[in-house]
Amino acid sequence: RLVSDWSSDVCSSDLAYRSSPLGTHYAITIPLAEPNRPIEGSVVLVAAFRDAQTGRRHRTQRTLTP
(Lines give C-alpha, C1' and ligand atoms only; values in the text may rest on other atoms or scores of the structure.)
Protein backbone atom coordinates (compact mmCIF):
# COMPACT_ATOMS: atom_id res chain seq x y z
CA ARG A 1 0.00 0.00 0.00
CA LEU A 2 1.19 3.51 -0.76
CA VAL A 3 1.72 5.45 2.49
CA SER A 4 2.80 8.75 0.92
CA ASP A 5 3.41 10.40 -2.43
CA TRP A 6 5.19 13.73 -2.64
CA SER A 7 6.71 15.91 -5.32
CA SER A 8 8.38 19.28 -5.26
CA ASP A 9 9.54 22.08 -7.49
CA VAL A 10 12.80 24.02 -7.39
CA CYS A 11 11.48 26.78 -5.12
CA SER A 12 10.40 24.49 -2.28
CA SER A 13 13.58 22.39 -2.68
CA ASP A 14 15.66 25.52 -2.11
CA LEU A 15 13.84 26.01 1.20
CA ALA A 16 14.87 22.48 2.31
CA TYR A 17 18.61 23.01 1.63
CA ARG A 18 20.79 22.82 4.76
CA SER A 19 24.47 23.67 5.09
CA SER A 20 26.90 23.34 7.99
CA PRO A 21 30.66 22.94 8.51
CA LEU A 22 30.12 19.16 8.31
CA GLY A 23 28.46 19.24 4.88
CA THR A 24 25.29 20.01 2.99
CA HIS A 25 22.03 18.14 2.53
CA TYR A 26 18.30 18.50 1.93
CA ALA A 27 15.89 17.94 4.83
CA ILE A 28 12.36 17.13 3.70
CA THR A 29 9.39 16.04 5.82
CA ILE A 30 6.90 13.95 3.87
CA PRO A 31 3.40 13.62 5.35
CA LEU A 32 1.76 10.20 5.47
CA ALA A 33 -1.34 9.66 3.32
CA GLU A 34 -3.15 8.10 6.30
CA PRO A 35 -1.46 9.50 9.43
CA ASN A 36 -3.73 7.64 11.89
CA ARG A 37 -3.22 4.21 10.30
CA PRO A 38 -0.20 2.30 11.66
CA ILE A 39 2.45 1.07 9.25
CA GLU A 40 3.21 -2.61 9.70
CA GLY A 41 6.35 -4.37 8.50
CA SER A 42 8.99 -2.88 6.24
CA VAL A 43 8.70 0.34 4.27
CA VAL A 44 10.31 0.83 0.87
CA LEU A 45 11.47 4.41 0.37
CA VAL A 46 11.93 5.41 -3.28
CA ALA A 47 13.37 8.80 -4.22
CA ALA A 48 13.77 10.11 -7.75
CA PHE A 49 15.49 13.36 -8.69
CA ARG A 50 15.59 15.16 -12.01
CA ASP A 51 18.19 17.81 -12.80
CA ALA A 52 16.28 20.77 -14.24
CA GLN A 53 19.23 21.92 -16.36
CA THR A 54 20.37 18.64 -17.91
CA GLY A 55 17.20 16.54 -17.59
CA ARG A 56 19.22 13.67 -16.11
CA ARG A 57 17.40 11.49 -13.58
CA HIS A 58 18.67 9.70 -10.50
CA ARG A 59 16.58 7.11 -8.65
CA THR A 60 17.42 5.32 -5.42
CA GLN A 61 15.55 2.87 -3.20
CA ARG A 62 16.01 1.75 0.40
CA THR A 63 14.06 -0.70 2.59
CA LEU A 64 13.45 0.52 6.14
CA THR A 65 12.60 -2.02 8.83
CA PRO A 66 11.41 -1.10 12.32
Side-chain angles (χ1 to χ4, degrees):
R1 109 183 132 98
L2 181 67
V3 294
S4 187
D5 186 17
W6 179 83
S7 64
S8 175
D9 60 12
V10 175
C11 295
S12 59
S13 296
D14 288 344
L15 298 175
Y17 183 77
R18 304 288 185 261
S19 180
S20 76
L22 299 176
T24 58
H25 65 279
Y26 286 90
I28 300 169
T29 301
I30 302 171
L32 296 176
E34 300 175 59
N36 296 323
R37 184 174 173 190
I39 299 172
E40 299 174 4
S42 300
V43 174
V44 178
L45 175 65
V46 179
F49 303 94
R50 184 182 66 83
D51 185 307
Q53 291 183 340
T54 66
R56 293 185 66 189
R57 296 180 184 270
H58 174 74
R59 183 181 183 276
T60 188
Q61 178 174 318
R62 179 175 289 179
T63 302
L64 308 172
T65 11

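Of all heavy-atom pairs spanning His58 and Thr60, the tightest one is NE2-CB, 4.1 Å. In terms of heavy atoms, Arg50 sits closest to Gly55 at CG-O, 3.9 Å.
For Glu40, there are no side-chain contact (heavy atoms from CB on, under 4.5 Å) partners at least two apart in sequence or on another chain. Listed by chain and residue number, Tyr17, Thr24 satisfy the side-chain contact (heavy atoms from CB on, under 4.5 Å) test with Ser19 (two or more places apart in sequence, or in another chain).
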